[in-house]
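Heads up, the thing below is written out as structure tokens.
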Amino acid sequence: MEVSSEKIVIEASGELSSEMGACVNHAAAVGGFYVPQMANGSLPAASAVEGMIVYDTTNNKLVFSNGTAWETVTSA
């Protein structure tokens, strides 16, 4: 069985995915939230995806779109 909406799809395997490629494996006994991974040069225009979070495989950093630019998530 597959259930879907505009943004989220629940596959027959139980995997959740979104149209932007993010996924969550809710059946894993250990693990965490797995964000999409992209090379820095492959990131979409930040203005097109405000709020998107991606793991930048070029710089090995978590980044997010503020609606204008990609910013690196850092600790204080």
Side-chain angles (χ1 to χ4, degrees):
M1 180 177 105
E2 182 176 297
V3 177
S4 64
S5 73
E6 278 184 48
K7 301 290 182 191
I8 302 293
V9 175
I10 303 173
E11 306 290 346
S13 65
E15 180 179 304
L16 301 176
S17 62
S18 78
E19 64 185 50
M20 295 298 288
C23 64
V24 176
N25 184 349
H26 64 86
V30 294
F33 179 69
Y34 186 80
V35 299
Q37 298 183 3
M38 296 181 190
N40 185 278
S42 297
L43 293 171
S47 60
V49 291
E50 183 176 356
M52 182 180 214
I53 300 171
V54 176
Y55 184 78
D56 177 348
T57 58
T58 304
N59 298 307
N60 296 320
K61 303 282 183 180
L62 194 61
V63 297
F64 69 95
S65 167
N66 67 11
T68 304
W70 287 97
E71 294 192 26
T72 301
V73 176
T74 59
S75 59

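FYI, the numbering just counts along the sequence from 1.
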Inset, instruction - Start with the C-alpha gap between Y55 and N60, add the side-chain angles, then the distance that decides, and say whether side chain to side chain contact (heavy atoms under 4.5 Å, CB included) holds. - result: CA-CA 7 Å; Y55 184 78; N60 296 320; 3.2 Å; yes
Inset, instruction - Would you mind listing every side-chain hydrogen bond (donor to acceptor under 3.5 Å, both in side chains) that reaches into residues 41-51, with sequence neighbours excluded? - result: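 Residue pairs passing side-chain hydrogen bond (donor to acceptor under 3.5 Å, both in side chains), neighbours aside: none found.
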Legend entry - side-chain contact (heavy atoms from CB on, under 4.5 Å) partners for I53, two or more places apart: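 Listed in chain order: V35, L62, F64.
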Inset, instruction - Please name all residues satisfying side-chain contact (heavy atoms from CB on, under 4.5 Å) with N59, sequence neighbours left out, ordered by chain then number. - result: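 Scan of N59 (side-chain contact (heavy atoms from CB on, under 4.5 Å), adjacent residues dropped) gives N40, D56, K61.
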Show the atom names and distances, to 0.1 Å, of all donor-acceptor pairs under 3.5 Å that link a side chain in residues 67-76 to residues at least two apart or in another chain.
{"from": "W70", "atom 1": "NE1", "to": "P44", "atom 2": "O", "distance (Å)": "2.9"}
{"from": "E71", "atom 1": "OE2", "to": "N66", "atom 2": "ND2", "distance (Å)": "2.4"}

